[in-house]
Amino acid sequence: MSICPLCNGLKELKMVCPECQNVIKDNGKATDYFDDYSAYMDIEIMKLFDGLPQSLEKHQCVHFIYCSNCGYEQYYIVKE
């Protein structure tokens with residue numbers, strides 16, 4: 001089983017917003033925002049619904065990043 005270095009605190013996302021150059025915040029797995037209970041679901045099952053058809057096989061974790069300064073948001077793919 002692979003683990004995401006961002007989810008497990010092994011690495012920290014250090015990225016600036018392409019729009020305003022402010023520091024961007026990692027808000028965790030994108031699948032955690034699907035509904036009230038998705039954060040408690042099995043990670044491998046949730047990868048079937050993360051928008052990347054092969055994220056489970058390619059050991060990818062999709063994170064939601066957001067700039068609180070200008071509102072820029074995007075999905076960021078992390079290699080597990």
Side-chain angles (χ1 to χ4, degrees):
M1 178 171 183
S2 300
I3 61 169
C4 174
L6 294 182
C7 288
N8 290 282
L10 302 173
K11 288 188 179 177
E12 187 175 313
L13 181 68
K14 294 180 181 174
M15 193 173 182
V16 295
C17 176
E19 300 291 325
C20 70
Q21 307 308 310
N22 195 37
V23 176
I24 270 187
K25 182 177 186 247
D26 174 19
N27 287 309
K29 293 186 315 245
T31 55
D32 287 354
Y33 294 90
F34 285 174
D35 64 30
D36 292 341
Y37 298 101
S38 61
Y40 305 105
M41 299 291 289
D42 183 80
I43 293 170
E44 292 184 1
I45 291 173
M46 292 306 293
K47 284 187 178 205
L48 300 173
F49 306 101
D50 66 6
L52 293 177
Q54 297 178 343
S55 62
L56 183 60
E57 293 84 19
K58 291 185 176 184
H59 304 288
Q60 297 171 325
C61 186
V62 182
H63 280 246
F64 176 66
I65 58 175
Y66 178 75
C67 177
S68 59
N69 187 51
C70 71
Y72 176 83
E73 58 186 40
Q74 80 172 51
Y75 293 112
Y76 182 77
I77 299 170
V78 179
K79 178 74 176 151
E80 295 176 331

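Numbers here simply count residues along the sequence, with the first being 1. All figures in this text were calculated on a predicted structure; none of them were measured in a lab.
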Thr31 (side chain) donor-acceptor with Asp50 (main chain) under 3.5 angstrom:
no

Enumerate the ring pair (Phe, Tyr, Trp, His ring centres under 6.0 Å) contacts for residues 35-60, please, sequence neighbours excluded, ordered by first and then second residue.
none

Straight-line distance of Ser2 OG to Glu44 CD, nearest 0.5 Å:
8.5 Å

Filter on salt bridge (charged side-chain N to carboxylate O under 4.0 Å, His left out), then keep only pairs touching residues 19-37, sequence neighbours left out; what's left?
Lys29-Asp32

Counting only heavy atoms not in Lys79, do more than 12 fall under 6.0 Å of its NZ?
yes

Test of understanding: with side chain to side chain donor-acceptor pair (under 3.5 Å), list the residues that count as partners of Glu80, not counting sequence neighbours.
Lys47

Rounded to the nearest 0.5 angstrom, the CD-SG distance for Gln21 and Cys70 is 9.5 Å

For Asn22, what residues pass the side chain to side chain donor-acceptor pair (under 3.5 Å) criterion, not counting sequence neighbours?
none

Side chain to side chain donor-acceptor pair (under 3.5 Å) against Glu73, all qualifying residues, sequence neighbours excluded:
none

Return the set of residues passing side-chain contact (heavy atoms from CB on, under 4.5 Å) with Gln54 (not counting sequence neighbours), or none when no residue passes.
Glu57, Lys58

Under a single-linkage rule joining Ile, Leu, Val, Met, Phe, Trp and Tyr whose side-chain heavy atoms are separated by less than 4.5 Å, which residues share a cluster with Ile24?
Leu6, Leu13, Met15, Ile65, Tyr72, Tyr76, Val78

Looking at residues at least two apart in the chain, or sitting in another chain, which of them share a ring pair (Phe, Tyr, Trp, His ring centres under 6.0 Å) with Phe34?
none

What do you reckon, is CD1 of Ile43 surrounded by more than 12 foreign heavy atoms closer than 6.0 Å?
no

Could you list who else is in Leu52's hydrophobic cluster, with ILVMFWY side chains joined at under 4.5 Å, directly or through other members?
Tyr33, Val62, Phe64, Tyr66, Tyr75, Ile77

Test question: given the 4.5 Å side-chain rule for I, L, V, M, F, W and Y, name all other residues clustered with Leu10, or answer none.
Ile3

Listed by chain and number, what are the side chain to side chain donor-acceptor pair (under 3.5 Å) partners of Lys11, not counting sequence neighbours?
none

